[in-house]
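In what follows, a structure is listed as structure tokens, so that the remarks can point back to it.
Counting starts at 1 for both ligands and their atoms, following the listed order. This chain uses plain numbering: 1 for the first residue, then up along the sequence.
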Amino acid sequence: MSRRIIVIGGGAAGLMAAITAAERGAQVTLLEPNERLGKKVNITGKGRCNVTNDCGMEELLRNVPRNGRFLYSAFSRFDGRDCKAYFEGLGVPMKTERGNRVFPVSDCSFDVTDALRRRLKAVGARWEQDRALSIESDGEKVTAVTGEKRSYAADAVILATGGVSYPGTGSTGDGYRMAAELGHTIVEPKASLVPLVSDDEDCAEMQGLSLKNVEIKVKNGKNKVVFQEFGEMLFTHFGLSGPLILSASAHIRDWEKDSYRVCIDLKPALDEQKLETRLLRDFAERSNQDFSNVLGGLVNKSMIPVMIRRTGIPAETKANSITREQRRRLMQELKNFEVKLTGTRPVAEAIVTSGGVKVGEIAPATMESKKVAGLYFAGEVIDVDAYTGGFNLQIAWATGKAAGEAAAEEGEQE
Ligand SMILES: Cc1cc2nc3c(=O)[nH]c(=O)nc-3n(C[C@H](O)[C@H](O)[C@H](O)COP(=O)(O)OP(=O)(O)OC[C@H]3O[C@@H](n4cnc5c(N)ncnc54)[C@H](O)[C@@H]3O)c2cc1C
């Protein structure tokens with residue numbers, strides 16, 4: 001009789017694991033309580049789904065700041081290029097954009113999940129719209145999964161329940177509890193790729209203001225730059241958000257022991273000398289105008305009161321009477337607008353969860369538990385997380401594939 005594999009979770013990792021195991025002849029049942037498979041995948045990349053990154057293993061590993069080496073084996077068998085080819089093989093043409101980010105040509109994430117759903121059906125895997133409550137074992141190996149609707153006998157179980165981010169998509173942390181009940185250690189789940197919080201009232205005052213083409217540096221308490229990039233960011237009522245900020249958050253790892261601040265270069269295209277020339281020109285052209293009017297040509301309207309406060313230059317100062325020292329202070333704010341950070345938004349609002357099942361308790365080549373035979377892990381439930389660029393989905397696909405292969409192959413040897 002073919003091996004009975006129960007896959008818990010119909011997200012990216014679970015779908016890949018279920019398809020892979022069924023392709024290898026296993027009798028696969030996928031448990032997913034949502035009305036749709038791949039609910040989170042459908043909202044990825046703002047609905048466009050940044051499926052993977054078009055690169056090889058080394059580059060993938062460089063983009064996984066947490067426990068990257070654990071993924072060496074899975075990535076060496078299924079890297080970003082393999083992933084792109086895989087989806088094209090499923091009939092979803094792919095394109096590569098800036099930073100090697102891979103998207104479906106259609107810019108529609110549903111094309112990705114629809115292709116997976118079709119493949120799942122074609123290879124004979126069964127989907128039960130049920131929620132797993134616990135994984136049963138006889139003390140050595142898994143025997144069954146108890147669901148809300150019924151019990152499922154199992155020779156192997158692949159746990160792919162995701163993290164605790166965006167719980168509305170189904171990832172509510174059930175997997176952590178089920179893994180812990182079987183003796184696994186759960187590294188505390190934390191937010192990554194998440195908006196950042198500041199108690200600087202300037203942020204709230206400028207809420208809604210989006211800055212395009214700025215450069216930010218994130219510096220720690222020792223003045224070391226931990227992140228630096230060009231892009232787009234946003235002021236909000238709680239602090240900072242937008243693509244640059246989400247990326248930066250993955251590099252801020254030690255909130256307990258360190259302090260962090262974001263330094264925004266509002267004029268990255270101008271070095272200090274060019275900026276000074278520009279200011280002198282602006283001041284000369286508008287010599288009889290108030291400082292507040294001159295600022296209107298330099299920064300967004302909602303930044304003007306903040307700039308006046310920060311530079312200490314009275315709003316009604318005429319441009320022709322701005323002193324060298326005042327000009328220096330303005331340049332400082334334009335090139336280095338500082339916002340002190342106090343923390344992150346909650347993990348539920350994070351793009352990914354950092355933390356999860358401890359990697360030391362999982363065999364990296366097979367994703368099998370070192371504690372319970374026949375139990376496998378895949379995706380975000382594992383204590384790995386990556387930067388933006390398609391790397392988090394790549395982790396889900398590659399670990400799902402590794403777990404699906406191993407769970408099915410073990411059966412073939414019996
Ligand atoms: C807004 C947003 C945008 C993102 N954009 C990108 C992107 O463009 N590129 C990228 O690489 N990554 C992106 N990510 C991250 C990526 O979506 C995740 O890392 C990835 O989906 C993780 O896959 P997973 O299968 O491990 O978990 P999930 O996709 O979260 O799937 C877990 C599944 O398990 C199910 N489940 C949970 N508990 C149970 C249970 N008890 N029984 C049965 N089923 C259960 C859930 O319902 C869910 O469907 C984004 C995330 C978010 C929130």
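Between atom 6 (C) of ligand 1 and the options Thr388, Ile43, Thr44, the minimum heavy-atom separation is to Thr44. Scanning Val381, Leu393, Val164 for the heavy atom closest to atom 12 (N) of ligand 1 points to Leu393. Counting heavy atoms only, Gly11 comes closest to atom 31 (O) of ligand 1 of the residues Gly147, Gly11, Ala378.
Between Phe87 and Trp397, a ring centre-to-centre spacing shorter than 6.0 Å is recorded.
Contacts between Ala132 and ligand 1 below 4.0 angstrom, taking non-hydrogen atoms only, involve backbone and side chain alike. Neither the backbone nor the side chain of Gln394 has a heavy atom within less than 4.0 Å of ligand 1. By the criterion of a heavy-atom distance under 4.0 Å, both the backbone and the side chain of Asn50 are placed next to ligand 1. When non-hydrogen atoms are compared, ligand 1 lies under 4.0 Å from the backbone of Thr169 (N, CA, C, O) but not from its side chain. Contact annotation for Lys40 and ligand 1: only side-chain heavy atoms (C-beta onward) come within less than 4.0 Å of the ligand. With a 4.0 Å heavy-atom cut-off, ligand 1 is reached by the backbone of Ala160 but not by any atom from C-beta on.
Judged by a 6.0 Å distance limit and a 45° cone about the ring axis, Arg345 is positioned over the six-membered ring of Phe238.
In this structure, the protein non-hydrogen atom closest to atom 48 (C) of ligand 1 is Glu32 OE1, 3.3 Å.
Using a non-hydrogen distance threshold of 4.0 Å, Thr172 does not register as a contact of ligand 1. No heavy atom of Arg101 sits closer than 4.0 Å to any atom of ligand 1. At least one heavy atom of Gly390 sits less than 4.0 Å from an atom of ligand 1.
Heavy-atom contacts of Ser171 reach the following atoms of ligand 1: 30 (O) (cutoff under 4.0 Å).
For Phe377, the ring pair (Phe, Tyr, Trp, His ring centres under 6.0 Å) partners at least two apart in sequence or on another chain are His184. The side-chain contact (heavy atoms from CB on, under 4.5 Å) search around Ser109 returns Asn42, Cys49, not counting sequence neighbours.
To the nearest 0.5 Å, atom OH of residue Tyr260 and atom NZ of residue Lys340 are 15.5 Å apart.
Between the side chains of Ser292 and Asp290, no donor-acceptor pair is found at a separation under 3.5 Å. Looking at Ser106 and Asp111, their side chains do bring a donor and an acceptor atom within 3.5 Å of each other.
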